[in-house]
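Okay, so here's the structure we're looking at.
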Protein chains: 2
Amino acid sequence: MKNDPFRASFDSLEEFADMVSEVLHCPITIEDANHRLLAYSTHDDRTDPARIATIIGRRVPEKVINSLWKEGVIPSLLNSREPVRVKTVDEIGLGNRVAVSIWKNDEVLGFIWALEIEKTLGDEEMDCLKRAADATKNKLIQLQNRKNKKEEQYQEFFWQLLTSHLSSNEEIINKFHALQISPPTLFGVAVFQFSKELGREDEKQIAYLLKTIQLPKILLHTIDHQQLILFIALDGNQQPVNKLNAFCELFVVKMKERFGIESIVQGYSSVYCDLGKVEKAYKEARTVLSVKRKFPSEATEIHGYQSLGIYKYIDVLIEKAGTDQNENYSLKRLQEYDKKNNTDLVETLEVFLNKDSNVHEAANALNVHTNTLNYRLKRISEIGEINLKDPNQKISLYLDLKLEKFKK
Amino acid sequence: MKNDPFRASFDSLEEFADMVSEVLHCPITIEDANHRLLAYSTHDDRTDPARIATIIGRRVPEKVINSLWKEGVIPSLLNSREPVRVKTVDEIGLGNRVAVSIWKNDEVLGFIWALEIEKTLGDEEMDCLKRAADATKNKLIQLQNRKNKKEEQYQEFFWQLLTSHLSSNEEIINKFHALQISPPTLFGVAVFQFSKELGREDEKQIAYLLKTIQLPKILLHTIDHQQLILFIALDGNQQPVNKLNAFCELFVVKMKERFGIESIVQGYSSVYCDLGKVEKAYKEARTVLSVKRKFPSEATEIHGYQSLGIYKYIDVLIEKAGTDQNENYSLKRLQEYDKKNNTDLVETLEVFLNKDSNVHEAANALNVHTNTLNYRLKRISEIGEINLKDPNQKISLYLDLKLEKFKK
DNA sequence: ATTCTATTTGTGGAATTACACAAATCGTTC
DNA sequence: GAACGATTTGTGTAATTCCACAAATAGAAT
């Protein structure tokens, strides 16, 4: 192969994919950096399930991406300009193939995949693939520019939603259509707080992760200092809240797994259908974060606004309790007793309430025998004159315990 | 008996009691209208346990009063000027005796008791007793006047306490001593709301009842339109709150039993030791009443401020929820489901939460099988995406349910 | 009328919880 | 150190709750 066949100009990426396919005698797929399908060769109809799924869905299936990360394929593609060979992974229908990344300066713009259906590519063909990657560079830069412009429009629109800048729902829906996003009938807003200001590089990694997670659909996302804000479509989910919750958990795990970014604090809103409530949802998600800041140990497990319980109203409660010089007789008695007798009745009570009055769980959390806990609860009832079967009394105590905790 | 021996003037009631005792040959006791001991004869040492207890305690024991009411003795003494005979009631150590009431116009000022230790009083002696009663009238009027003046001082002091008019605790304690009340180390304030304005007559009945209830000590009481306000000493009680609660229940029962006054609404404060907190306690008791007004069915069982639970803060919560346009996704879903399928999931959830997550009790309250309730709870979890083991979620729901109820 | 699904109720066994009692432990007081 | 009371833990049994399954019922859709 003396002349580089890829020197010639080409009109579309499809045309180019076909050309490469013909040169290498194997099916070719071209993706962008987020594993969205850009083009695929059609002159060769031999293929494998992973490729079919990619073409049908216009993107690489999530489980395939996960597998490629686990196998170390994607990391090495992101690190090196050399082609990488992938061995068959039957579970996800991935046949043997070779991939190469497409570079612009120090940035990966996309990937070219060559399926090794019958034959294995030799060194020379590998080199050819590498040159093919270089040849697509300009085309991808153009695409990226176009996408960047669109991305800017998205950003602007998202901030308009977040600040309730658009008044009527009709206006919002029109804007969605203008940006070629189908407006969700059910949505939530999630906010992730990072431990540092998010830079250009982080942004790219995040965008990559968001694009590759396929469900739920992240319709819009933006970054505000240390916070990542997501607008998430939850249409068609039987249990949208659970889906949202699962996603947020997953996102945090993946960020750590893939990019080693830790200590992300998550918060998400209620689920709404009214598109006029994006700002409200945004506020809710931030309320969750603010509660976590105020009650680090209590609220680590709480991510959703609907799980906030009493903390939803913690601000006004603190205020009210402050002006009223709140003082709980039962707690006072228990504290006095604790002090005098070196016991932990107050803590016991709190853990018991935290654990939804479940003796077993509370005993475990306290590292004591169940009978010990029962004994303590009996004492708590007596000393504090508390009826632990009365939900109102329990709420009072729970509340006052948390309020007191906040004062310190 | 031609000459009325009681015509002669006498210096003290004690002297008079001895005189009557000598004429009738039996021990004599003189009480005021509230069964406080005014005087007793000492020349005759035959007596019975009830009389001993009365003299020791300077008042008729509560159980004796209760018994005399049940037997109809006191009602007839209050209705008629004729002497009444009481047969032995062994359980309370009450021997045979005769009583007569002391009248001023249409008002009973007190009673004279004559014990029939060995002999039974004949008609003539009964008549003699009646004349004796008449002879004490003036003495009792004097006592009453003195007491009225003291009562006025009490009233003024109580209102000073209720309005935090006295600044230092020292000042308060001095005032207590000046009025010959020993200041309590532990106290509570109870407010009873009657269904009508309280008149002179009601006031007397109430005062009577309060004086005859011996524990806890009602140190001060006053009436404000439809409300009776009590200042209650709780010193020495192991469980002051329970004592206070028991008293309030008892008071309502007695008012109905004795005077047929129904539909009294009760509310009582926390227990405090700081005498500067009387006003706060008063406010708490009124808060209970106001919650009962707002949530008639929810709060009928709640009497004490410490049992108010979330209702303690209901005002600020309502306000906050109002401005925030609060909307609970789970409840919304459940309501929609209820409407569409004619089910009662929301009500089921509420009862379940009211009953402190006790399946058995909630099933009873709803008149359904336990399994039915369990099935519904499972559906509630699914449809509302609720984790019923999470106390925060439960509190959220409880709160939002009550807030919604209030809006209607 | 029939089919379907959602709901209600019943049954029985496994799992969990409640409770009483005894022994051990620990700190305090005398 | 003896005695005491409060606390912790262990043991066993009774009571209750949980759960799975089946049958009966009701209501809606076809």
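Between the side chains of B:Thr185 and B:Asp235, a donor-acceptor pair is found at a separation under 3.5 Å. Side-chain contact, A:Lys355 with A:His360: no donor N or O sits under 3.5 Å from an acceptor N or O. For the residue pair B:Arg333 / B:Tyr329, a side-chain donor-acceptor distance below 3.5 Å is found, with atom types taken as modelled. Between the side chains of A:Asn169 and A:Lys277, no donor-acceptor pair of N or O atoms lies under 3.5 Å.
Atom-to-atom distance recorded for B:Asn367:CG and B:Thr372:OG1 is 11.5 Å, nearest 0.5 angstrom. Note that the NZ atom of B:Lys243 and the CG atom of B:Leu234 stand 9.0 Å from one another [nearest 0.5 Å].
Of the residues in residues 329-359 of chain A, those with a non-hydrogen atom less than 4.0 angstrom from any atom of DNA chain D are A:Tyr337, A:Thr343. Within residues 370-385 of chain A, the residues having any heavy atom closer than 4.0 Å to DNA chain D are, in order of number, A:Asn371, A:Thr372, A:Tyr375, A:Arg376, A:Arg379.
Using a 4.0 Å cut-off between charged nitrogen and carboxylate oxygen, A:Glu284 and A:Lys312 do not count as a salt-bridge pair.
Remark: A:Phe295 pairs with A:Tyr311, A:Phe406 by the ring-ring contact (aromatic ring centres under 6.0 Å, His included) rule, at least two apart or across chains. By the salt bridge (charged side-chain N to carboxylate O under 4.0 Å, His left out) test, B:Lys63 pairs with no residue at all, sequence neighbours left out.
Running 5' to 3' along DNA chain C, contacts with non-hydrogen atoms of chain B at under 4.0 Å begin and end at C:dA6 to C:dT11.
Axis angle, first five pairs versus last five pairs of the helix from C:dA1-D:dT30 to C:dC30-D:dG1: 30°, rounded to 10°.
The side chain of B:His360 places no N or O atom within less than 4.0 Å of a non-bridging phosphate oxygen (OP1 or OP2) of D:dT16.
The local environment of NZ in B:Lys217 is sparse, with at most 12 non-hydrogen atoms from other residues, nucleotides or ligands closer than 6.0 Å.
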Would you check, one step at a time, whether the test side-chain hydrogen bond (donor to acceptor under 3.5 Å, both in side chains) holds for A:Lys389 with B:Asn358? CA-CA 9 Å; A:Lys389 295 277 168 75; B:Asn358 182 317; over 6 Å; no
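Heavy-atom minimum distance, B:Asn328 versus B:Ser396: ND2-O, 4.3 Å.
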